[in-house]
Amino acid sequence: MTSSSLTTARTQPATAGSVQATDPDLARLVVRCQDQPGVVATVGGFLTRAGANIESLQQHTTAPNGGMFFQRTEFRLPGLSAAREELEAGFASEVAADLGMEFTLTEAAKPKRVAIMVSKTDHCVLDLLWRNRRGELDMTIAMVISNHADLAADVRPFGVPFFHIPATRETRAEAEERQLDLLRDNVDLVVLARYMQIITPSFLASVGAPLINIHHSFLPAFIGAGPYQKAKERGVKLVGATAHYVTEDLDEGPIIEQDVVRVDHRHQTSDLIRLGADVERAVLSRAVRWHCEDRVVRHGNSTMVF
Ligand SMILES: Nc1nc2c(c(=O)[nH]1)N[C@@H](CN(C=O)c1ccc(C(=O)N[C@@H](CCC(=O)O)C(=O)O)cc1)CN2
């Protein structure tokens, strides 16, 4: 495995203070292709000829010979918005076509539109709303959708629309249709902030955006409902949380971020829930922030966070 980074070496991606949502000239280019000599030079040369200045670059190759090459580049281009269409078309024809490359080009000044889905538990959704209001998260929260009415009075003071769409195992199909009416072609990301309903394959195929879930255990331990009870019964010494992309396979999607906290025999299940909640909030907000900054790249059933 080989990786390199031209920015300051750090154990985690950029800090919370690096939100750049207002910078109109900053762009992010994420590429993937078969590894081959000259990719870094070719991408860098194209950007330089376009008048861009590369400010940070991280790349990773999955294997020494014949692996996949991944790179995330942040660059500054004066007049980016006006030049964006021509830049993207030029990169596609002059670089991507020759290298068999897939790429995404995004503008830091255009924050992602995010919908949050929640059931009754409030700490994750309120944490995201609070961090977003403070400017810690580079995103626009377009709405909150819940299958219960409990949190309406907590969400609306943030100025975010709250939609109550009852959903149970029995009413899932109808509920998902109503959810999709709100979400389809309207958001860039859906966050399941302790949304306690299983999402159907049909919904995942129709929604047109990735979903991030916060699971309240250190996966792969304790998949499914009631992980803290299961943890207490198992006598664990750590409880944790996992943020992952949502797939048809329950709680088995690509992991974005995880963390843990120590516990012991003196803690009851209620203590595990209380201690775990702080971990859930921190893990979910990091995963959402990194996704919104185009730092998370999926490869198979895992991720790279640049
Ligand atoms: N397709 C997917 N759907 C969901 C995922 C996922 O990874 N893939 N993650 C879950 C979140 N979750 C744990 O983090 C979870 C939520 C709910 C259940 C569950 O068994 N729910 C029951 C209903 C329970 C109730 O009504 O109180 C059900 O949906 O039948 C398991 C895991 C979110 N969805």
Side-chain angles (χ1 to χ4, degrees), residues 114-128 144-151 163-180 182-184 187 189-234 236 238-261 269 272-273 275-288 291 296 298 300-303:
V114 178
I116 302 174
M117 296 177 71
V118 64
S119 289
K120 289 186 175 182
T121 305
D122 63 355
H123 59 278
C124 286
V125 61
L126 294 183
D127 184 74
L128 290 173
V144 171
I145 299 174
S146 180
N147 58 324
H148 297 278
D150 300 49
L151 297 179
F163 297 97
H164 174 210
I165 301 178
T168 64
R169 192 176 309 177
E170 295 70 33
T171 64
R172 185 159 292 153
E174 177 207 350
E176 287 192 342
E177 267 315 304
R178 292 178 62 192
Q179 293 165 348
L180 287 168
L182 292 168
L183 298 170
R184 199 185 277 119
V187 297
L189 174 67
V190 179
V191 177
L192 306 184
R194 294 298 299 276
Y195 181 69
M196 304 314 285
Q197 294 294 314
I198 292 173
I199 306 288
T200 65
S202 165
F203 181 100
L204 295 173
S206 306
V207 66
L211 282 70
I212 292 176
N213 178 58
I214 182 68
H215 182 67
H216 37 314
S217 83
F218 189 67
L219 289 176
F222 311 131
I223 281 178
Y228 288 123
Q229 180 61 41
K230 294 171 185 171
K232 177 60 183 174
E233 290 163 2
R234 185 66 184 80
V236 301
L238 294 169
V239 293
T242 303
H244 63 92
Y245 288 110
V246 173
T247 63
E248 296 179 20
D249 301 318
L250 190 61
D251 298 329
E252 298 199 11
I255 291 173
I256 305 166
E257 174 60 330
Q258 297 184 287
D259 209 338
V260 294
V261 62
T269 301
L272 303 190
I273 292 170
L275 294 165
D278 286 343
V279 182
E280 294 168 44
R281 292 185 297 159
V283 165
L284 181 58
S285 60
R286 288 200 295 266
V288 170
H291 177 93
V296 187
R298 294 170 66 160
N301 200 41
S302 61
T303 69

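Atoms considered below: every heavy atom in the structure, side chains included; atoms not considered: hydrogens, waters and symmetry mates. As the structure lists them, so they are numbered: ligands from 1, and atoms in each ligand from 1.
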Determine whether the side chains of Glu176 and Ser202 contain a donor N or O and an acceptor N or O closer than 3.5 Å. no
What I want to check is whether the side chains of His215 and Ser217 have a donor and an acceptor closer together than 3.5 Å. yes
Is ligand 1 under 4.0 Å from a heavy atom in the side chain of [X], in the backbone, in both, or in neither?
X	result
Thr247	backbone
Arg169	side chain
Thr168	neither
His244	side chain

What residue and heavy atom of the protein are closest to [atom], and at what distance?
atom	result
atom 20 (O) of ligand 1	Ile198 CD1, 3.9 Å
atom 21 (N) of ligand 1	Met196 O, 3.4 Å
atom 29 (O) of ligand 1	Arg172 NH2, 2.5 Å

With side chains defined as the heavy atoms from C-beta onward, is the minimum distance between [X] and [Y] less than 4.5 Å?
X	Y	result
Gln197	Met117	no
His244	Asp251	yes
Ile198	Arg172	yes

Could you tell me, atom by atom, which parts of ligand 1 come under 4.0 Å of a heavy atom of [X]?
X	value
His215	13 (C), 14 (O)
Ile214	14 (O)
Tyr195	11 (C), 16 (C), 33 (C)

Check whether any N or O atom of [X], backbone or side chain, sits under 3.5 Å from an N or O atom of ligand 1, and answer yes or no.
X	answer
Asp251	yes
Gln197	yes
Leu250	no
Asn213	yes

Measuring from atom [atom1] of [X] to atom [atom2] of [Y], what distance do you get when rounded to the nearest 0.5 angstrom?
X	Y	atom1	atom2	answer
Arg281	Leu126	CZ	CG	9.5 Å
Ile223	Leu250	CD1	CG	7.0 Å
Gln258	Leu219	CD	CG	6.5 Å
Ile212	Leu189	CD1	CG	4.5 Å
Thr121	Met196	OG1	CE	7.0 Å

Does Arg194 have a heavy atom less than 4.0 Å from any atom of ligand 1? no
Judged by heavy atoms only, the candidate from Ile199, Asp249, Thr242 nearest atom 3 (N) of ligand 1 is Ile199
